[in-house]
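Everything on this sheet refers to the single structure shown next.
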There are 2 protein chains.
Amino acid sequence: MNLPPLVQTFVLHFGEMGSRWGINRTVGQIYALLFVSKEALNAEDIVDRLGVSRSNVSMGLKELQAWNLVRLQHKPGDRRDYFSTPDDIWQIVRTLVEERKKREIDPTMTLLREVLMQEPASAEERHAQERMREMHDLFELLTGWYADVQRLDTERLVQLLTLGSKVQKILEMKDRLFVVPGSRKSRRADAEDK
Amino acid sequence: MNLPPLVQTFVLHFGEMGSRWGINRTVGQIYALLFVSKEALNAEDIVDRLGVSRSNVSMGLKELQAWNLVRLQHKPGDRRDYFSTPDDIWQIVRTLVEERKKREIDPTMTLLREVLMQEPASAEERHAQERMREMHDLFELLTGWYADVQRLDTERLVQLLTLGSKVQKILEMKDRLFVVPGSRKSRRADAEDK
DNA sequence: CCGATATTTCAGAAAATTCTGAAATATCGG
DNA sequence: CCGATATTTCAGAATTTTCTGAAATATCGG
């Protein structure tokens, strides 16, 4: 591995971290390297810096392209492929969330919808279905929220995130201003546990 | 595998999905099974229903306990351990987010802070550090938002999620009501790409 | 079309992980 | 303390994933 120490630390960390996500070490390392590189790199550059085989890099880049996490570009008078990550880190976040949703949430939602159509054949199945419906509704709520904020431009998104739960305060203020007092809001028996 | 068809579908799906998260098939299956079960199950129950070895179940349950995703309880006059998931699905979400943060974000933040302390020894390292700072600040913003909303009770959290980006509208309204017009907000050169 | 260069494919080697059965350990009631 | 039952540990088998080198394929300029 042929990298400045500071970069190497980062790349190694991402390689290890990769396995906690669904990606392998090399893919994690390639991504980390591209992320911190000023210039786009070609496959051979990556081979030199990471010290892995050319074919491994080829496969890794393909996977990153399938994830839309990496951009392919060309330099004039050079027919090799050059790769880079978007400069805008928020674009990266958006892609990451989008792709994870596509791979993890969407298939599960499809399955849940199918299973929820079926007729339960026992009390056990009936209870299982109820639980699956809870999960389905939860995912629906979360993906709905996501679909919604995902449309915001970055500035507004950051604004919203910075606000955090203080939004709550503003909502309460809005309620006090515009809602007929005592129009029912509180007291919704939510038997939490733990 | 000895399960009602509807449950089996769900359990198998979670088993496969497991590998996209950091957990193995058996752990995914055990969790799915516990999630849809009305009653708490003991290890032997799980062995019977999933058809995997007793030792595999033992290790799987240990891992789920390490993730805080599973509760250990006892039945009177029975000294076996019984396991279940929380009834409240929001409690599950909170635990999941908390644990993933602990395992994935926190170590990365620690590393980023360390690396950002160092003196860059070249232009390349300087640029890499800048990128790492962007990532650091992004994580800071996201975890700050999380720490904030995580404190909300479930009812308010659902309220907020249901609102989605409509919060934005309310914020604008607030601005119009309370802020001196033209006090600067717009025009923040954000050179997006893509 | 040719030769040079770039990239991909893929079979099998290497490595990592998952899973099992057997043994060890722990805990209970009596 | 003993026997019965429950759980954990762990070495190695089975499986899966990752990685490599060699060959195949693709694409370019001329």
Side-chain angles (χ1 to χ4, degrees), chain A residues 1-2 11-12 14-34 39-67 70-84 103, chain B residues 1-2 11-12 14-34 39-67 70-84 103:
Chain A
M1 192 167 280
N2 184 12
V11 164
L12 288 175
F14 256 70
E16 299 316 316
M17 230 48 186
S19 29
R20 307 218 173 165
W21 293 66
I23 63 177
N24 68 40
R25 187 174 34 200
T26 308
V27 172
Q29 289 183 355
I30 294 174
Y31 189 77
L33 175 59
L34 292 176
E39 306 293 336
L41 303 179
N42 63 45
E44 207 57 51
D45 293 336
I46 298 171
V47 168
D48 294 342
R49 305 204 199 192
L50 299 184
V52 296
S53 75
R54 184 55 238 271
S55 50
N56 198 0
V57 169
S58 178
M59 293 187 299
L61 286 169
K62 255 186 104 185
E63 179 162 358
L64 286 170
Q65 284 178 283
W67 276 83
V70 123
R71 269 161 214 222
L72 172 58
Q73 53 202 266
H74 287 98
K75 308 216 172 199
D78 186 339
R79 69 193 173 84
R80 288 170 294 182
D81 295 339
Y82 283 80
F83 298 89
S84 66
R103 285 151 211 258
Chain B
M1 191 168 281
N2 184 12
V11 164
L12 287 175
F14 256 70
E16 298 317 317
M17 230 51 186
S19 28
R20 306 218 175 164
W21 293 68
I23 63 176
N24 68 40
R25 187 174 34 198
T26 308
V27 173
Q29 291 184 353
I30 294 174
Y31 190 78
L33 175 60
L34 291 177
E39 306 291 337
L41 303 179
N42 63 46
E44 207 58 50
D45 293 336
I46 298 171
V47 168
D48 295 341
R49 305 205 198 191
L50 299 184
V52 295
S53 75
R54 184 54 237 272
S55 50
N56 199 0
V57 169
S58 178
M59 292 189 298
L61 286 169
K62 253 185 106 184
E63 180 162 357
L64 286 170
Q65 284 178 282
W67 275 84
V70 121
R71 266 162 220 222
L72 173 58
Q73 52 201 269
H74 287 97
K75 308 214 174 201
D78 184 339
R79 70 193 172 84
R80 288 170 293 181
D81 294 339
Y82 283 79
F83 298 89
S84 66
R103 285 153 212 257

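Per chain, numbering begins at 1; letters A, B, ... match sequence-line order.
- The backbone N or O of A/L33 lies less than 3.5 Å from no partner atom in the side chain of A/R49, so there is not a single donor-acceptor pair.
- Using a 4.0 Å cut-off, some side-chain N or O of B/K62 falls inside it from OP1 or OP2 of D/dT9.
- Taking atom NZ on A/K75 and atom P on C/dT5, their separation rounds to 20 Å, with Å as the unit.
- Although no hydrogens or angles enter the test, the distance criterion places no donor-acceptor pair under 3.5 Å between the side chain of A/D48 and the main chain of A/D45.
- To the nearest angstrom, P of D/dT8 lies 8 Å from CG of B/L61.
- Look at A/N24 and you'll find a side-chain N or O under 4.0 angstrom from OP1 or OP2 of D/dC19.
- Sequence order on DNA chain D of the closest nucleotides to A/R79 and A/V57 puts A/V57 first from the 5' end.
- When heavy atoms are screened at a 4.0 angstrom cut-off, B/D81 is found touching the sugar-phosphate backbone but no base atom.
- Per the geometry, CG belonging to A/L50 stands 15 Å off C1' belonging to D/dT20, to the nearest Å.
- Nucleotide D/dC10 has C/dG21 as its partner under the Watson-Crick or G-U criteria, with both atom distances under 3.5 Å.
- In terms of phosphate contacts, B/R80 brings no side-chain nitrogen or oxygen within less than 4.0 Å of OP1 or OP2 of C/dT27.
- Screening B/E39, B/R71, B/Q73 for a side chain to side chain donor-acceptor pair (under 3.5 Å) involving B/S84 leaves a single residue, B/Q73.
- Phosphate proximity of D/dG21 to A/S53: absent, as no side-chain N or O sits under 4.0 Å from OP1 or OP2.
- An OP1 or OP2 oxygen of D/dT16 is reached within less than 4.0 angstrom by no side-chain nitrogen or oxygen of B/S19.
- Across the interface with DNA chain C, nearest-nucleotide mapping of A/R25 and A/Y82 shows A/Y82 to be the residue nearer the 5′ end.
- Looking at B/L61 and B/I46, their side chains come closer than 4.5 Å, going by heavy atoms from C-beta outward.
- Pair assignment for D/dA26: C/dT5, on the basis of Watson-Crick or G-U wobble contacts that are both within less than 3.5 Å.
- The separation between B/H74 atom NE2 and C/dC28 atom P is 9 Å, rounded to whole Å.
- A straight line from CD1 of A/I30 to C1' of C/dT7 spans 14 Å, rounded to a whole angstrom.
- The base of C/dG21 is paired with the side chain of B/S55 by a donor and an acceptor separated by under 3.5 Å.
- We find that CG of A/N56 is positioned 16 Å from P of C/dA14, with the value rounded to whole Å.
- Taking atom CD of residue A/E44 and atom P of nucleotide C/dT5, one finds them 13 Å apart after rounding to whole Å.
- Between A/R54 and C/dT7 there is a side-chain polar atom (N or O) within less than 4.0 angstrom of OP1 or OP2.
- As rounded to whole Å, 12 Å separates atom P of C/dT8 from atom CG of A/N42.
- Within 6.0 Å of the NZ atom in A/K75, the count of heavy atoms belonging to other residues, nucleotides or ligands exceeds 12.
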